[in-house]
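Let me begin by presenting the structure, written as structure tokens, before commenting on it.
Throughout, protein chains are lettered first and strands after them, A, B, ... in sequence-line order, and every chain is numbered starting at 1.
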Protein chains: 2
Amino acid sequence: MRTQQPALKTPARIPSDALQRVWVALGRVSQGVQCEVETALKEAGFPELSWYTVLWELERAGTPTRPKDLAVPLFILPYQLSRLVDRMEKSGLVKRIACKEDKRGHLLELTAKGLALRKAMWAVYAPAMDEALKRINDSEALELARLLNKLGGIEHVDCSDKA
Amino acid sequence: MRTQQPALKTPARIPSDALQRVWVALGRVSQGVQCEVETALKEAGFPELSWYTVLWELERAGTPTRPKDLAVPLFILPYQLSRLVDRMEKSGLVKRIACKEDKRGHLLELTAKGLALRKAMWAVYAPAMDEALKRINDSEALELARLLNKLGGIEHVDCSDKA
DNA sequence: GAGTTTTAGTTGCGAACGCAACAACCAGCG
DNA sequence: CGCTGGTTGTTGCGTTCGCAACTAAAACTC
């Protein structure tokens, strides 16, 4: 299987009790809040969150964008995005337009309908997110975000964006 | 901005910047670590985490257990569990046995093979979890777990168990 | 004890997924 | 140029998923 480390770097450790608690809590809580928000969107007749994030990234970019440039920030695999765009294009939210610089790929363009849907979804998404996270206050939230980002190896994100 | 609270229904609040940061971080980080561990299991030729959790719950119960009693702690829907058990039974990890108290359902019994697999998976699972969470130390982990549990509305879990 | 409601669990079906293979193009080098 | 290797994105296929409808048994009602 995997080649043994040259030195005694990783001795196949068992996570401490504290880490196991984090693991359990992270799984349960993220699934819980995620599910809560997804349910709110579904009940309002909207598509799932992944659609929103594609629309939002395109809107934020402000210009037609290559799938590969979307896939990375969205933590999504190319074939997943390919099929997601298939569906979204079929629904008229997005359009594949030619890319003259690189004929392998194309650019994804947000349609007016896509833009409208993203805004409509935000009207449900935002309150649902607020509701799902209501049990902590702002200072706890900042500390929680800091610890999560440290856990994920994310340095000092300065994101002042939606979602 | 919004000083109204006792008014009517839901004021449709927009989450604060701090809460939005939590939302983003929670999604990204939980997906990241989850994926890391799943990948380790897959590379070792093991089934996915949900199989482990079923095996572990059954082992922890120490006695054949009703699906409904498994579904709740696992945050899983009945039909999901039904098909998961289908596959696990087909692999000989679990057995459906009759339940004389309630003939609608049955009991799930861990087989020797199932027990062995759970142990074998833990040998990969544990180091993978440790590796995925290595960026925080124990005191940070405790604080993180506390905040997550508060966020999820989970009171004072005393879990001294694996996963 | 017949009739109704609730609960436990399964299943048919269409949609979505993961993987590995693939076509198409670019880029580098002889 | 022709060849090789890497990148971009798609697709065939088998598996899994989500929903709603379903069977069966229990529990509750009169």
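Mapping A:L84 and A:K103 onto DNA chain C by nearest heavy atom places A:L84 at the nucleotide closer to the 5' end.
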Table of protein N/O atoms under 3.5 Å from nucleotides 5-8 of chain C N/O atoms:
unit_1: C:dT7; atom_1: O2; unit_2: B:R104; atom_2: NH1; d: 2.6
unit_1: C:dA8; atom_1: OP1; unit_2: B:K68; atom_2: NZ; d: 3.4
unit_1: C:dA8; atom_1: O3'; unit_2: B:R66; atom_2: NH2; d: 3.1

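For the pair B:K90 NZ and C:dT10 C1', the interatomic distance rounds to 13 Å; values are reported in whole Å. One interatomic measurement links the two molecules: CD of A:E43 to C1' of D:dC19, which rounds to 14 Å at whole-angstrom precision. For the pair B:E101 CD and D:dA24 C1', the computed distance is 17 Å after rounding to whole Å. Rounded to a whole Å, the CZ atom of B:R87 is 9 Å from the C1' atom of D:dC17. Taking atom CG of A:L77 as the reference point, atom C1' of C:dA20 lies 13 Å away to the nearest angstrom. D:dC19 atom P lies 10 Å from atom CD of A:E38, rounded to whole Å. The distance from atom CD of A:E48 to atom C1' of D:dC19 is 14 Å, rounded to the nearest whole Å. Distance A:L81 CG to D:dT8 C1': 12 Å, rounded to the nearest Å.
Between A:E48 and A:K42 there is no side-chain heavy-atom pair separated by less than 4.5 Å. Residues B:V24 and B:R21 form no side-chain contact, since every pair of their non-hydrogen atoms from C-beta on lies 4.5 Å or further apart.
Contact annotation: A:Y79 does not reach the phosphate of D:dG9 (side-chain N/O to OP1 or OP2, under 4.0 Å). Taking only side-chain nitrogens and oxygens, A:Q80 never comes nearer than 4.0 Å to OP1 or OP2 of C:dC17. Side-chain N/O atoms of A:R96 include one lying less than 4.0 angstrom from OP1 or OP2 on D:dT10.
Distances from the side chain of A:K42 to the nucleotides C:dG9, D:dG18, C:dG18 place D:dG18 closest.
Among the protein residues, A:R83 comes within range of the nucleic acid bases, having at least one heavy atom under 4.0 Å from a base atom.
B:K113 pairs with exactly one of B:L110, B:T111, B:L115 by the side-chain contact (heavy atoms from CB on, under 4.5 Å) rule, that one being B:T111.
Residues A:A126 and B:P15 come closest through the heavy atom pair O-CD, 3.2 Å. Between A:Q31 and B:F75, the shortest heavy-atom distance links the atoms NE2-O, 3.3 Å. Contact between B:A98 and B:L107 at its shortest, heavy atoms only, is O-CD1, 4.0 Å.
Ring orientation note: the planes of B:W56 and B:Y52 are close to parallel, at an angle under 30° on the 30°/60° scale.
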